[in-house]
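Sequence lines set the chain letters: A, B, ... in the order given, protein chains first and strands last, and positions in each chain run from 1.
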Amino acid sequence: MLQLHVLRQDTAGVKARLSKKHFADLDLVDAIIALDDERKKLQLSFDNNQSVVNSTSKEIGALMAKGQKEEAETKKGEVAALKATLQPITERLAIVEKQLHDELVKLPNLPAEGVPMGKTPEDNMVVREGGTKPALHEGALPHWDLIKKYDIIDFELGAKITGSGFPLYKGQGAKLQRALVQYFLDFNTAAGYTEFLPPFMVNEASAYGTGQLPDKEGQMYHMPADGFYMIPTSEVPVTNIFRDDIVKETSLPIKMTAYSPCFRREAGSFGKDVRGLNRVHQFEKVEIVQLTHPDKSYEAHTEMVLHIEKLLQSLELPYRVLALCGGDMSFTSALTYDFEVYSAAQERWLEVSSVSNFEAYQTNRMKIRFKDEKGKTQLVHSLNGSSLALPRIVASLLENNQTPEGINIPKVLQPYFGAAVIG
RNA sequence: GGUGAGGUGGAUGAGUGGCUGAAAUCAGUAGUUUGCUAAACUGCCGUACGGGUUAAACUGUACCGCGGGUUCGAAUCCCGCCCUCACCGCCA
């Protein structure tokens, strides 16, 4: 969530940036500031009253010790009267604090300087493209046919076992998953990211910390008996490692990577976009996360974008980098670059990575802080990016690398996969 | 799942109703001393929200797993929950 002092210091600027994100309820900003004013007033009057209660209680203790019962009883009466006046203040304060918080989390993160204007995916800006689109042979197939031809992924069986959107990987299909995960993790750890294998379910506090709750509740699978959520990305458990911590400034940046399956309900997604591997309920993903000094987060973002780009280049896939426009960025993000790979048979660009800088939006919720050289506590910045989401990489690999003889495996993957061709 | 023990500041750990926002030790940090390193000595050293100040100083309140309760007063007593550890049971 946004920091209150930002709203106070530059109310007009905040509103302008919220509009860039196509957030309509600008009056909410004023309402929040008004709530905070009330909160301060209540807090002050509570503190002053409580202060008297505390000191009087001490006097009572001293009187009792001296055996001056009568005087003590008089003081008790005073305290009781004070506490009676205190009660409505306390109650109101609790209401105002809750309200203030509930309203504050409704504000999305503010878009950064260079974020393009716009509302829909069409307004996203292509930053650059790389790789070359392949020329497919006569009779080339989309991946949903290729997986049947080579019997490597079975959607029907997955649906039988669980439901639609839960693919069953078989034989070389399963091994390809394992090879990709391992390759991605090795690529990330070689660049200084520490590997984690996190829990695949999280509690409410963690889901809240990264911003999945309260607004994206419907996107996650929920286990009501235990109050847990299946993770939609390992960003959630990994970023929460440092929840409520004050880290050493010298430990920044903290660079983490993790593999996990990801579970997404994708409620309300229908149509041609969802065919085959394009959109599924469970998929494999390797994620990178950084916690940085607030002055260094944009530098880190650039570094992460280049890192993902190198990874895609090593897979020899045609890709492009998009700067998301204000309206298409996620609620919590200040700057997002998406990576898309071209899937030649279906002639579509598929999103395989999203690299975002959340600035202090997530860390303000999670209270991840550091002490600067003046000893002042500050929030760190958090960033993350997929490196990478497997299904669409697989779709694109299958489609782009198909030949009449089989599917060619990129050189870098061959040691992991143990073969050069799926045939 | 059963039984028992326990959750206190970065760590260890004292503290069973007021003198405890919290001993002590370690770690950290600033300084003194010292050829260097090491050691010794001295000061500082939790978080949040306020008041106050140009900035400090100073100052109020809350917080000892979480939430309630008792009391003039709670880390300390009571209730509920969560978590950790040990043993037993079950099990990959």
>> If you only use heavy atoms from C-beta on, which nucleotide in G18(B), G60(B), C49(B) is closest to the side chain of Asp47(A)?
In response: G60(B)

> Do Glu73(A) and Glu70(A) touch side chain to side chain, with heavy atoms closer than 4.5 Å?
Replying inline: no

> Is it true that a side-chain atom of Asn109(A) and a backbone atom of Thr332(A) form a donor plus acceptor pair closer than 3.5 Å?
Replying inline: yes

> A86(B) and C81(B): how far apart are their P atoms, nearest whole angstrom?
Replying inline: 23 Å

>> Using whole Å, what does the distance between atom P of nucleotide C49(B) and atom CZ of Arg8(A) come to?
In response: 13 Å

>> For Tyr193(A) and His307(A), take the angle between the two ring planes, folded into 0 to 90°, and tell me which bin it lands in: parallel under 30, tilted 30 to 60, perpendicular over 60.
In response: tilted

>> Can you classify the ring geometry of Phe339(A) versus Tyr319(A) as parallel (below 30°), tilted (30 to 60°) or perpendicular (above 60°)?
In response: tilted

Distances for protein N or O near nucleotides 73-80 of chain B N or O, under 3.5 Å:
unit_1: G73(B); atom_1: OP1; unit_2: Lys83(A); atom_2: NZ; d: 2.2

> When the P atoms of A38(B) and G10(B) are considered, how many whole Å apart are they?
Replying inline: 27 Å

>> What's the gap between C45(B) and A24(B) when it is taken at their C1' atoms, as a whole Å value?
In response: 15 Å

> On a whole-Å scale, what distance lies between the P atoms belonging to C44(B) and C85(B)?
Replying inline: 38 Å

> How about His381(A) and Tyr298(A): are their ring centres within less than 6.0 Å of each other?
Replying inline: no

>> Taking pairing as Watson-Crick or G-U wobble with both contacts under 3.5 Å, can you name the mate of C87(B), or confirm there isn't one?
In response: G2(B)

> By ring pair (Phe, Tyr, Trp, His ring centres under 6.0 Å), which residues pair with Phe370(A), not counting sequence neighbours?
Replying inline: His293(A)

>> Just the rounded figure in Å: distance from C1' of C45(B) to CG of Asp372(A).
In response: 16 Å

> Between Asn48(A) and Ile60(A), which has a closest nucleotide on RNA chain B that is more 5'?
Replying inline: Asn48(A)

>> Measure CG/Leu63(A) against C1'/G18(B) and give the value in whole Å, please.
In response: 12 Å

> If pairing requires Watson-Crick or G-U wobble contacts with both distances under 3.5 Å, which nucleotide is the partner of U16(B)?
Replying inline: none

>> Using 30° and 60° as the class boundaries, would you call the ring planes of Phe200(A) and Tyr259(A) parallel, tilted or perpendicular?
In response: perpendicular

>> When the P atoms of A75(B) and A22(B) are compared, how many Å lie between them, rounded to an integer?
In response: 12 Å

> Does the side chain of Arg17(A) reach to within under 4.5 Å of the side chain of Val115(A), using non-hydrogen atoms?
Replying inline: no

>> Distance check needed: G51(B) P versus Asn49(A) CG, whole Å only.
In response: 17 Å

> With both distances under 3.5 angstrom, what nucleotide forms a Watson-Crick or G-U wobble pair with A56(B)?
Replying inline: none

>> I'd like to check Leu93(A) versus Gln43(A) (side-chain heavy atoms, cut-off strictly below 4.5 Å). Are they in contact?
In response: yes

> Would you say Glu399(A)'s side chain and Ala345(A)'s backbone share a donor-acceptor pair under 3.5 angstrom?
Replying inline: yes

> With a non-hydrogen cut-off below 4.0 angstrom, is Lys75(A) in contact with a base, only sugar-phosphate, or nothing?
Replying inline: nothing

> Rounded to whole angstroms, how far apart are CD1 on Ile246(A) and P on C45(B)?
Replying inline: 16 Å

> With respect to the phosphate group of G60(B), does any side-chain polar atom (N or O) of Gln50(A) fall under 4.0 Å of OP1 or OP2?
Replying inline: no

>> Only pairs with both distances under 3.5 Å count, Watson-Crick or wobble alike; so what is the partner of C45(B) in this structure?
In response: none

> When you compare G2(B) with C90(B), how far apart are their C1' atoms, in angstrom units rounded to a whole number?
Replying inline: 11 Å

> Just how far, in rounded Å, is C1' of G60(B) from NZ of Lys40(A)?
Replying inline: 15 Å

> Can a side chain N or O of Asn54(A) be found less than 4.0 Å away from OP1 or OP2 on U61(B)?
Replying inline: yes

> Which is true for Thr377(A) with a 4.0 Å heavy-atom rule: it touches a base, it touches only sugar-phosphate, or it touches nothing?
Replying inline: sugar-phosphate

> So what's U70(B) paired with, Watson-Crick or G-U wobble, going by both distances under 3.5 Å?
Replying inline: none

>> If I take atom CG in residue Asn364(A) and atom P in nucleotide A48(B), what distance separates them, rounded to the nearest angstrom?
In response: 11 Å

> Given C72(B), U61(B), G51(B), which nucleotide is nearest the side-chain atoms of Lys76(A)?
Replying inline: C72(B)

> Using atom P of each nucleotide, how far apart are G43(B) and A23(B) to the nearest Å?
Replying inline: 15 Å

> Start at the 5' end of RNA chain B and walk down; is the nucleotide closest to Lys58(A) or to Arg369(A) reached first?
Replying inline: Lys58(A)

> For U61(B), does OP1 or OP2 lie under 4.0 Å from any side-chain N or O of Ser51(A)?
Replying inline: yes

> Could you state the CG-C1' distance from Asp36(A) to G51(B), rounded to the nearest angstrom?
Replying inline: 15 Å

>> I'd like the P distance from U32(B) over to U25(B), given in whole Å.
In response: 24 Å

> Is there a Watson-Crick or G-U wobble partner for C36(B) with both distances under 3.5 Å, and if so, which one is it?
Replying inline: none

